[in-house]
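Here the structure is laid out as structure tokens; the discussion comes afterwards.
We name chains A, B, ... by the order of the sequence lines, and we start the count at 1 in each one. Keep in mind that what you see is a predicted model, and the values were worked out from it rather than measured.
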Protein chains: 2
Amino acid sequence: MAHRIGRYTTWFDRPPTVEAAAAVAGPKEGQGPLGNRFDRVFTDPRLGKKSWEQAESELQRQAFLFALQKGGLKPEEVDCLFAGDLLNQCVGSTEGLLPFGLPQAGIYGACSTMALGLLLAAVACDGGMARRAAAVTSSHFCASERQFRLPLEYGGQRPQTAQWTATAAGAVVLGQPGEGVQVTAALLGRVREGGVTDANNMGAAMAPAAADVIVRFFNDTGLRPEEVDLIATGDLGETGSKLLCRLTAEAGLPIADRHADCGLNLYHKELQDVHAGGSGCGCSAAVLCARLLPELAEGVIKRLLFVATGSLHSPTTVQQKTPIPGIAHAVYFTAP
Amino acid sequence: MAHRIGRYTTWFDRPPTVEAAAAVAGPKEGQGPLGNRFDRVFTDPRLGKKSWEQAESELQRQAFLFALQKGGLKPEEVDCLFAGDLLNQCVGSTEGLLPFGLPQAGIYGACSTMALGLLLAAVACDGGMARRAAAVTSSHFCASERQFRLPLEYGGQRPQTAQWTATAAGAVVLGQPGEGVQVTAALLGRVREGGVTDANNMGAAMAPAAADVIVRFFNDTGLRPEEVDLIATGDLGETGSKLLCRLTAEAGLPIADRHADCGLNLYHKELQDVHAGGSGCGCSAAVLCARLLPELAEGVIKRLLFVATGSLHSPTTVQQKTPIPGIAHAVYFTAP
């Protein structure tokens, strides 16, 4: 059972424990600063499959397999899955997790999917729906480019505000209260729209939603930013991160000294040309699973506000010049 | 707090009450047998908007507005929304519900979306995350055709197994335990894949998933089909319904005498040419909100197993000839 703090925040009375987490990545991500922290780096971006879409499904399957293995779990010991991805109709998750035969809720939050899945998995574990529940998500640069922008073969020029969709997947298994890292609280995002119509500037489209959820979290809980070790957004990139810090400062919450963005963590800024940073459901999921959750488990940080952000456009709405709405869901982790 | 019965079923110890439900529909649906039960029938399939996509968003907005009005509620009295649709990246829900400014979880279950949303809204209300939560979904024939099949202008011939995507939306607001119709139990679907590659035969692609969740519900609860007044699937159409009744009978659960399919309820079979029946997220949502929930409230039926089914293909996977997986989520309603 959970209870609400303030207007929006769900506080878990039986905080679910992180039982296992895993991340897998493609070759470019493997060459980044987290390269040696992934459970597996695939040197073939197609993972031996016939299509980019099948490769993405395989990423998601592998991430969940590694999480099961690290937790010493059989698939049937996980009661339900919350999974989604960027592909039309979320086919990456459907195809990727089909072989496990587990009850599955399809979710869509664009690049905020890992936070949305974690929130729902935590609610499921806390409320009696599941003994264990997993959140799984992925993205693939090549599948995303051809779906959202242009086929790779076109070789289009990208502006500096554009982000690079990560080829990566992450999986987290939550369980009943116990030792270790816990999901202490969570809150759902609200869709915010600030007039951005450029799908190559998603950071600016998502920053207002990230600011909104962060401000609501601190208002609801009465916590101050300095009581949290790290506020990790994903993935605002350079453009969106600057905007976020300005927006929260204007709201009386200076977070710049404890803010990091997953999109700026996945690649080497100087060595790898990803323009404004990484993005894609797999980006914040992989940084969470490969770096942030291990740092919580090791005691490097003790209180983490994970705020994954999503840009809620489709190729159709971009062609129709509809302003791009953003969303950001927040999950508050604590370590003993 | 909920508890699990059997392996898969969530039984609500504080069963959420249906506080309000509403459905709106397009002109063709307005001419069907439920025409006078909808809260509003739009004679203009574009609802005065510039695009089919915007028209679909307006349907969803109107359905939620009517639900609020019928429940005597302000938007801010609903703590969170679970919403999705068929459009790429679920833009129908994002755009449609943006003006309400409420915390929102994006979900994807294709035509099973209403059941998935209801399940999650019930878990949210029961577990302390929300005092009230709403499930909202929609579909639009014209937006769907051009995205999943062919532009309307092409005028392609459709085979008899094809279903007609409903132009309709439904919204249900769940609240705390009380008088009236309750969500007593629910279970998530498993993705099932039976080798169907024809996107014009979704009924056959979804029937195995529907049979799976129905069999699991009866196995878990120990109930027999004759203890339930109605098992309403949506939307298997003629082809899928026959297959479902055969599959459940083979599993020792004859349900044909108490089974109805929402896809066969929305249109006049003889007068309106929809081939195998209706489909789309809006179909089962509209039949639930305009007919089934009122029948529960009026005491016409007392126990309803609502099993919304979804076909989890995308235009890309159909072109790649990937077999179409299906899913079906189940929600068990009871009336006092």
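- Of the atoms belonging to A:Phe148, it is side-chain heavy atoms, and not backbone ones, that fall under 4.5 Å from chain B.
- In this structure, CZ in B:Phe82 is found 6.0 Å from CG in A:Leu120, a value given to the nearest 0.5 Å.
- For a residue to count as touching a neighbouring chain, one of its non-hydrogen atoms must lie under 4.5 Å from one of that chain's; by this rule A:Glu95 touches chain B with the side chain only.
- Contacts between A:Leu116 and chain B at a heavy-atom distance below 4.5 Å involve the side chain alone, from C-beta outward.
- Contact annotation for residues 182-193 of chain B against chain A (heavy-atom separation below 4.5 Å, listed by residue number): B:Leu188, B:Gly189, B:Arg190, B:Val191, B:Arg192, B:Glu193.
- Distance check: A:Asp79 CG to B:Tyr8 OH gives 9.0 Å after rounding to the nearest 0.5 Å.
- With sequence neighbours excluded, no residue forms a salt bridge (charged side-chain N to carboxylate O under 4.0 Å, His left out) with A:Arg14.
- Residue with the most contacts toward chain A among B:Pro103, B:Pro315, B:Gly310, B:Ala124: B:Pro103 (heavy-atom pairs, distance under 4.5 Å).
- Between A:Gln147 and B:Gln89, some side-chain heavy-atom pair lies under the 4.5 Å cut-off.
- Of the atoms belonging to A:Ser314, heavy atoms from both backbone and side chain fall under 4.5 Å from chain B.
- Across all non-hydrogen atoms, the minimal contact from B:Val91 to A:Leu312 is CG1-O, 3.8 Å.
- With values rounded to the nearest 0.5 angstrom, B:Ile107 atom CD1 is found 10.5 Å from A:Ile107 atom CD1.
- Here B:Gly101 is the residue among B:Cys90, B:Gly109, B:Gly101 with the most heavy-atom pairs under 4.5 Å with chain A.
- Within residues 210-218 of chain A, the residues having any heavy atom closer than 4.5 Å to a heavy atom of chain B are A:Arg216, listed by residue number.
- Of all residues spanning residues 318-330 of chain B, those with a heavy atom less than 4.5 Å away from chain A's heavy atoms are B:Gln320, B:Thr322, B:Pro323, B:Pro325, B:Ile327, B:His329, arranged by number.
- Heavy atoms only, all atoms of each residue included: A:Asp126 and B:Gly127 are closest at OD2-O, 4.1 Å.
- Using a 4.5 Å cut-off between heavy atoms, B:Glu53 touches chain A through its side chain atoms alone.
- Residue A:Ala110 does not touch chain B at all, counting heavy-atom pairs closer than 4.5 Å.
- Heavy atoms of A:Phe12 lying under 4.5 Å from chain B are absent altogether.
- The distance from the CG atom of B:Asn88 to the CG atom of A:Leu86 is 12.0 Å, given to the nearest 0.5 Å.
- Comparing A:Gly128, A:Ala105, A:Cys80, A:Ser51 by how many heavy-atom pairs each has under 4.5 Å with chain B, the most go to A:Gly128.
- Between chain A and the options B:Leu119, B:Thr316, B:Thr317, B:Leu102, the largest number of non-hydrogen pairs under 4.5 Å is found for B:Leu102.
- Most heavy-atom pairs under 4.5 Å with chain B: of the set A:Arg131, A:His313, A:Gln104, this distinction falls to A:Gln104.
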